[in-house]
Amino acid sequence: MTTLSPIKTFLNYINGSWRAGSSDETLASINPANREVVGYVQSSTREDLNEAVEAAKQAQKEWRKLSGTERGNLLFKAADILEKNLDEVAESMTREMGKTLPEAKGETARGVAILRYYAGEGMRKMGDLIPASDGTALQFSKRVPLGVVGAITPWNFPVAIPIWKVAPALIYGNAVVLKPATEAAVTAAKVIECFNQAGFSKGVINLITGKGSVIGQGLAEHQDVAVITFTGSNSVGKQIGQTAAARGAKYQLEMGGKNPIIIANDADLDQAVAAVLSGGLKSTGQKCTCSSRVIVQSGVYEEFKEKLIAAVKTIKVGNGLDADTWMGPCASEDQYNTVKYYIQKGIEEGSQILIGGDSPESEELKQGFYVNPTVFDNVTTNMIIAQEEIFGPVLALMKVESIEEAIDVANDVEFGLSASIFTKDISKMLTFIDDIDAGLVRVNYETAGVELQAPFGGMKASSSHSREQGEAAKEFFTTTKTVFIKG
Ligand code: NDP
């Protein structure tokens, strides 16, 4: 694609034009497969942020007055442009954060689908007719936008997460300032170029890159940002939530997980192994909904373990751009060090590595941040590797006697994002659905992912308890006016 900035230094997109930050400093985005620089992005300042917020504030005044259909038509255009540029955007994602090209293409296609879903929302109802006790009066509710939305996003889904925040915010009449994760900011710039080409009026959508502590925190603090939507780590999320709450801004936090997958004695073990592989190790275990605790009933523990190890042995680790790679590198050196730290912790805590724990030997892969898929045996719930989010290709096998014990163990963490059970027994399924602490509940399916038209979010420390995606986004990105007209 010739039009999506071929240059290596990417600019901010503020008030309808690409422009440099005021500091003259840039931040490098590094390919975790080989440490090459994928691109440089602006290390923006608070002054740049103020400009972006002011542009959004002014633009929103007119944007909110367009009809939903008019706003939707622009989102349809952005979807078409992203679809046309899918290969370039996906390749950029693989080079920036390491996931395999088929996964990156799948994620970009999902971004297109999300845009179209919310484009269609422009033609759906935005309120209810409510009977008035006075027969001559008309009473109705009307959903209205909130103003400027600040979106702060992580690197692990650099296309889908920004889009599932930006698209609903826009369709409901808000303007947006997006601050993407620095590690995936080049990909974010390419996505925003699709919005630029779609012809949104200036200031409606703005992209500003820079350090989280400067631009992310700045958005949370900014008086003119009415709404903060954040996906990322718990520590940063908590701080953002406190900052937003202190000034009365609406906020939404989607954070970590320590997702369990329960394998009952009557499970189809081949299906369960496939789900653990896909849900636990795809994207190198760097999905917030990844399975990281595999809780297996004792009757099938040994057989399941054998099948799992046989399957893990088939995984080809490599550069995500290579056609035969099943699993790419960790997304960054920091992430690599974190994964290695937890592997060491697991060993010190006394659980045994059944496979992995090390890095690939080849000279080519030594340049990157690779960790082989790792399975720990005999993990108990008190261990650090059973409690803390690792965000890497590490599975903890845990043995339990009963389904009740399995659910107790599954719930014995601070998180509650996604959970799954493999069983053929309907009563076990129903018990699990009722008793598990998780926002996403799966039966005979992997923990990772959720359909874009369904609500997404977690319980306990995984979320601030609102939901994203589907109709839930309308709840978050609008407020209600109750109108009473006396006839
Ligand atoms: P971080 O919390 O480190 O970063 C998320 C975003 O916040 C980035 O844009 C980052 O900017 C910014 N940021 C960093 N520090 C601050 C700060 N002090 N104030 C304001 N903003 C800041 O998370 P990661 O990007 O490392 O993402 C991984 C985490 O995200 C995992 O814990 C994972 O579970 C969670 N996650 C949750 C999902 C969910 O929906 N529940 C989905 C995907 C991921 P910068 O990059 O410049 O540091």
Side-chain angles (χ1 to χ4, degrees), residues 26-30 32 41-44 46 49 96-97 99 107 150-162 164-165 177-188 207-222 225 228-244 251-259 283-290 292 330-339 342 388-392 413-418 438-440 447-450 455-469 472:
T26 55
L27 303 167
S29 173
I30 307 291
V41 297
Q42 304 302 302
S43 180
S44 307
R46 291 279 179 120
L49 177 63
E96 267 198 303
M97 53 72 64
K99 72 172 62 170
E107 182 186 331
I152 305 169
T153 55
W155 44 262
N156 65 341
F157 286 96
V159 170
I161 292 181
W164 86 45
K165 294 178 185 303
V177 177
L178 169 65
K179 186 269 179 263
T182 302
E183 277 158 32
V186 168
T187 305
L207 171 84
I208 180 158
T209 59
K211 292 182 183 136
S213 54
V214 178
I215 302 302
Q217 183 63 21
L219 266 176
E221 286 172 8
H222 206 295
V225 177
I228 292 287
T229 173
F230 167 85
T231 300
S233 61
N234 281 63
S235 52
V236 173
K238 267 186 203 160
Q239 191 186 318
I240 287 177
Q242 283 164 4
T243 307
Y251 68 92
Q252 169 182 66
L253 315 171
E254 289 303 335
M255 300 170 285
K258 189 68 188 172
N259 309 297
S283 285
T284 322
Q286 300 169 128
K287 296 179 188 172
C288 49
T289 50
C290 261
S292 63
C330 297
S332 65
E333 188 163 19
D334 276 358
Q335 207 57 39
Y336 170 89
N337 288 335
T338 303
V339 173
Y342 280 111
E388 295 182 12
E389 183 179 50
I390 300 173
F391 228 51
V413 291
E414 65 168 322
F415 302 103
L417 186 53
S418 185
L440 306 172
T447 59
V450 67
F456 176 80
M459 293 168 69
K460 302 200 295 196
S462 289
S463 153
S464 59
H465 310 292
S466 61
R467 293 288 179 265
E468 294 191 273
Q469 297 200 137

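Atoms within each ligand, like the ligands themselves, are counted from 1 in listed order. Since the structure is predicted, the reported quantities are computational estimates derived from the model, not experimental observations.
The two residues T243 and E221 have their closest heavy-atom pair at CG2-CG, 3.4 Å.
Residues with a heavy atom under 4.0 Å from ligand 1: I152, T153, P154, W155, N156, I161, K179, P180, A181, T182, G210, K211, G212, S213, G216, Q217, F230, T231, G232, S233, V236, Q239, I240, E254, M255, G256, C288, E389, F391, L417, F456.
Stacking of K179 on the aromatic ring of F230 is not recorded, the 6.0 Å distance cut-off and the 45° axial limit not both being met.
Residue pairs meeting the salt bridge (charged side-chain N to carboxylate O under 4.0 Å, His left out) criterion with at least one member in residues 456-465, sequence neighbours excluded, are D437-K460.
With sequence neighbours excluded, the residues satisfying salt bridge (Lys or Arg N to Asp or Glu O under 4.0 Å) with E468 are K165. With sequence neighbours left out, E389 forms a salt bridge (Lys or Arg N to Asp or Glu O under 4.0 Å) with no residue at all.
Taking the side chain as every heavy atom from C-beta outward, V177 and L219 approach each other to under 4.5 Å.
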